[in-house]
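Here is the structure we will look at.
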Amino acid sequence: MILRTHYSGDITPELDGREVVLAGFVHETRDLGGIAFLVLRDRKGLAQITLVKKLVGKDMFKSVRTISRESVVQVRGQVKAEPKAPRGFEILPTDVRVLSAAQVPLPLDPTEKVECELDTRLDARFMDIRRPCVLAAFEIESAVLRSLRNYFYRQKITEVFTPKIVAAATEGGTDLFPISYFEKEAFLNQSPQLYKQMLMGAGMDRVFEIGPIFRAEEHDTRRHLNEAISIDVEISFADDKEVMSILEGAVVEAYRYVAENCSYQLGVMGLDLQVPKAPFRRITYTEALELASERAGVKMQWGDDLDTETERFLGESIGEHYFLTDWPSSIKPYYTLPYEDKPEICRGFDLMHPRMELASGAQRVHDYNLLVERIKEKGLDPGGFEFYLKAFRYGMPPHAGWGLGLSRLVMTMLKLENIRDAVLFPRDRRRLVP
RNA sequence: GUCCGGAUGGUGUAGUGGCCUAUCAUGAAAGCCUGUCGAGCUUUCGACCCGGGUUCGAAUCCCGGUCCGGGCGCCA
């Protein structure tokens, strides 16, 4: 049984005379003496409940008018087409039931009359999400996920899950969160990278995974989190160019789907979504460096990773999504395939939004001996990768893939200032609650 | 980690040594009002992050701490 017959957004003046049951939160009440209005809010919008004292009687009038804001109510009543009411209709109630009263004062103002700081909002996130513009972002995020899954299914890519609890710091470098696993030490996985590659060795051919990744880096910016959702793809018998086109197709598809299916939410957020056009521009690392040094006088040596200033400069110059390709092998992970004729650069790429990096990927090393060599070059011990290397000794298809940050995709799509706005309950250097 | 900025009613803020019994908005409580739609009007309630110092006097200046925001760094 569902305690409502309609969402407020589903009601139109054409339903005049119909009995409906709405359920939701008390957005606000306005008492004018002989007539009072209660505005009910649910996920699809607002509905005005009109109480005429003469019609409903003194007792009901008084009890409804004193329901505290944000209380949960169920309203049974009749739809009345009414030009004076918002959206041309109102509900004349026969029964208003308080299912759960809200305490006062509220930890923040869900009607958005008063601004609220991010920290306050996150402390009372459940109430923050009641705000229509916040809810809209998460509904759009869900639409993005739906569109990406549909896109992957159409491309015959198999959805998989890989372990989030792992035995070792598999890729070296980044800091992992240690956890206790019975009598053993374990870690929260930083990336499904090694597992999705092993699935290429398993003959799964084309896989994708959407799941959490964990990084214990002490970064403190508006675009980093310690727990994030990663969208990972790995494709056998494909090269870097092929997976780049799958990646740009995925991004375009997400934008297109949201533009076509989320007009209500985009309206709530005041956004006019421009769908990017594929193919995205391709720029090599070396070209990017030249562009940056010529125009901005940035002091970067070939072989340095791009700093934030350079990244931002490139974003401003280019002004749309673009790929950075042919990176120095020295700054990409060991599993990135170097060019055969020019091993100092590799088939790694980053997908960039003008504001930040969205994804990175590569054609992978599939040759066992080269992989061992690359691991050693990075100063890592191949012994620690035996579970992974084993999959490369018995026939490993050539393969390529990428990982895309969901929150960054949503954040850039919706022009959100802070990545925390794109995560329901963000985990950062300081925040573990709620 | 580091640099810069900040912390005032539930929320968002004004206030740079005495004019602060602390401003405004929102909110809450009570009342008036039959068409509100950020309703209006009247009355009331509610705050200077913690510790130390300077001073006749500190929300305001200084020191330490805690927390928050922004930049950078870190980021397979």
Side-chain angles (χ1 to χ4, degrees), chain A residues 27-39 46-56 61 65-66 68-70 80 82-90 102-124 127-128 131 166 168-176 187 189-194 197 213-226 228 230 232 305-312 331-336 348 350 356-357 360-362 364 374-375 378-380 385 388 403 405 408 417-418 420 428-431:
Chain A
H27 190 68
E28 53 189 351
T29 55
R30 280 188 285 275
D31 177 7
L32 278 70
I35 188 168
F37 304 100
L38 180 153
V39 179
L46 305 172
Q48 174 169 292
I49 317 299
T50 302
L51 293 118
V52 180
K53 201 185 237 172
K54 280 186 200 159
L55 293 180
V56 300
F61 188 87
R65 179 207 79 189
T66 53
S68 58
R69 293 164 72 215
E70 296 304 317
K80 185 187 168 204
E82 173 55 71
K84 279 183 282 190
R87 291 185 29 236
F89 74 88
E90 60 192 11
Q103 276 186 17
V104 291
L106 301 171
L108 52 82
D109 171 27
T111 63
E112 303 177 311
K113 285 176 205 160
V114 178
E115 286 296 302
C116 196
E117 288 193 348
L118 183 61
D119 195 50
T120 307
R121 291 172 45 207
L122 292 177
D123 281 341
M127 183 151 290
D128 182 47
R131 299 161 71 206
V166 296
T170 47
E171 294 177 46
T174 195
D175 292 322
L176 303 189
F187 299 91
N189 206 182
Q190 68 187 81
S191 152
Q193 181 62 33
L194 305 190
Q197 285 193 264
I213 56 172
F214 304 91
R215 309 214 170 158
E217 304 294 336
E218 298 201 359
H219 33 51
D220 188 7
T221 76
R222 292 189 290 176
R223 57 186 191 282
H224 287 92
L225 290 171
N226 296 293
S230 179
D232 274 88
D305 205 349
L306 300 185
D307 58 26
T308 309
E309 193 187 346
T310 307
E311 222 175 70
R312 184 165 308 141
I331 53 173
K332 283 289 172 188
Y334 57 81
Y335 46 74
T336 309
D350 281 3
M356 70 190 81
E357 177 189 333
S360 70
R364 319 297 189 186
R374 291 278 293 144
I375 290 172
K378 293 282 177 186
L380 299 167
F385 297 92
Y388 165 68
R408 287 188 173 190
E417 289 295 314
N418 195 311
R420 291 158 184 78
D428 62 32
R429 178 71 186 84
R430 297 183 199 88
R431 185 173 286 278

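Lettering of chains follows the sequences in order, A, B, ..., and the numbering in each one begins at 1.
For a distance-only test at 3.5 Å, the side chain of Glu117(A) fails to qualify as a donor-acceptor partner of the base of G69(B). In terms of polar N and O atoms assigned as donor or acceptor, the side chain of His219(A) never comes within less than 3.5 Å of the base of C75(B) in a complementary pairing. Donor-acceptor pairing under 3.5 Å, judged by distance alone, is present between the side chain of Lys54(A) and the base of U34(B).
Rounded to the nearest Å, the gap between the P atom of C32(B) and that of C19(B) is 40 Å. For the P atom pair drawn from G5(B) and U44(B), the interatomic distance equals 41 Å after rounding to whole Å. U66(B) sits 25 Å from C74(B) when the P atoms are compared, rounded to a whole Å. Rounded to the nearest Å, the gap between the P atom of C41(B) and that of G65(B) is 48 Å. G10(B) and A29(B) are spaced 14 Å apart, taking the C1' atom of each and rounding to whole Å. Look at the C1' atom in both G46(B) and U13(B): the space between them is 15 Å, to the nearest Å. Rounded to whole Å, the P atom of A7(B) lies 11 Å from the corresponding atom of U60(B). Comparing the same atom, P, in U21(B) and in A58(B) gives a spacing of 12 Å after rounding to whole Å.
Taking only side-chain atoms of Arg69(A), from C-beta outward, the nucleotide of G35(B), G71(B), G27(B) with the closest atom is G27(B). The side chain of Glu82(A) lies closest to G35(B) when the candidates are U36(B), A28(B), G35(B). Of the listed nucleotides (C72(B), G31(B), U36(B)), C72(B) has the atom at the smallest distance from the side chain of Asp220(A). Side-chain proximity of Asp119(A) to C68(B), C37(B), G73(B): nearest is C68(B). With distances taken from any side-chain atom of Thr120(A) to the nucleotides A28(B), G12(B), G73(B), the minimum falls on G12(B). Residue Pro86(A) places its side chain closer to U36(B) than to any other of U36(B), G70(B), C75(B).
Regarding contacts with the backbone of G70(B), a side-chain N or O of Asn418(A) is found under 4.0 angstrom from either OP1 or OP2. Note on Lys113(A): every side-chain N or O is 4.0 Å or more away from OP1 and OP2 of U11(B). Taking side-chain N and O atoms only, Arg430(A) has no distance below 4.0 Å to OP1 or OP2 of C67(B). Contact annotation: Thr221(A) does not reach the phosphate of C72(B) (side-chain N/O to OP1 or OP2, under 4.0 Å). One finds a side-chain N or O of Thr308(A) lying less than 4.0 angstrom from the OP1 or OP2 phosphate oxygen of G73(B). Listed pair Arg312(A) / C72(B) meets the phosphate criterion, a side-chain N or O lying under 4.0 Å from OP1 or OP2. For Arg223(A) and C75(B), the shortest distance from a side-chain N or O to OP1 or OP2 is not below 4.0 Å.
Within 4.0 Å (heavy atoms only), Pro107(A) reaches sugar-phosphate atoms of the nucleic acid but no base atom.
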Requested in this report: For side-chain contact (heavy atoms from CB on, under 4.5 Å), just list the numbers for Leu108(A) and Glu117(A), CA-CA rounded to whole Å, side-chain angles, deciding distance to a tenth of an Å, and then say yes or no.
Outcome: CA-CA 10 Å; Leu108(A) 52 82; Glu117(A) 288 193 348; over 6 Å; no
Query raised in the report: Given Gln190(A) and Glu217(A), is the side-chain contact (heavy atoms from CB on, under 4.5 Å) satisfied, shown in steps?
Result: CA-CA 10 Å; Gln190(A) 68 187 81; Glu217(A) 304 294 336; over 6 Å; no
Query raised in the report: Under the side-chain contact (heavy atoms from CB on, under 4.5 Å) criterion, do Val39(A) and Arg69(A) qualify, and how do the steps go?
Result: CA-CA 10 Å; Val39(A) 179; Arg69(A) 293 164 72 215; over 6 Å; no
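Across the protein-nucleic acid pair, Glu115(A) atom CD and C24(B) atom C1' stand 16 Å apart, rounded to whole Å. Between the C1' atom of C74(B) and the CD1 atom of Ile331(A) lies a distance of 15 Å, rounded to the nearest Å. Atoms CG (Asp109(A)) and C1' (A25(B)) sit 11 Å apart, rounded to a whole Å. Atom pair Asp307(A):CG and G73(B):C1' shows a separation of 11 Å (rounding to whole Å applied). As a whole-Å value, the separation of Leu38(A) CG from C37(B) P is 16 Å. To the nearest angstrom, C1' of C37(B) lies 16 Å from CD of Glu112(A). Glu28(A) has its CD atom 17 Å from the P atom of G35(B), to the nearest Å. Between Gln103(A) atom CD and G27(B) atom C1' the separation is 15 Å, expressed in whole Å.
Checking G64(B) for Watson-Crick or G-U wobble geometry (two distances, each under 3.5 Å) identifies C50(B) as its partner. Across all strands shown, C72(B) pairs with G1(B); the Watson-Crick or G-U wobble distances both stay below 3.5 Å. With a cut-off of 3.5 Å on both pairing distances, C37(B) has no Watson-Crick or G-U wobble partner at all. The partner of C45(B) is G27(B), judged by Watson-Crick or G-U wobble contacts that both fall below 3.5 Å. Look at C20(B): it lacks any Watson-Crick or wobble partner with both distances under 3.5 angstrom.
Side chain to side chain, Asp307(A) and Thr310(A) meet the donor-acceptor criterion of an N or O pair below 3.5 Å.
Heavy-atom minimum distance, Phe61(A) versus Val52(A): CD1-C, 4.4 Å. Summarising the geometry of Asp232(A) relative to Gly403(A), their closest heavy-atom pair is OD2-CA, 3.6 Å, with the distance given to 0.1 Å.
For CD of Glu112(A), the number of neighbouring non-hydrogen atoms (other residues, nucleotides, ligands) closer than 6.0 Å is greater than 12.
Between Leu108(A) and Ser68(A), the residue anchored nearer the 5' end of RNA chain B, judged by the nucleotide with its closest heavy atom, is Leu108(A). Positionally, the nearest nucleotide of RNA chain B for Thr66(A) lies more toward the 5' end than for the other of Arg431(A) and Thr66(A).
Arg223(A) places a side-chain heavy atom less than 4.5 Å from the side chain of Thr308(A).
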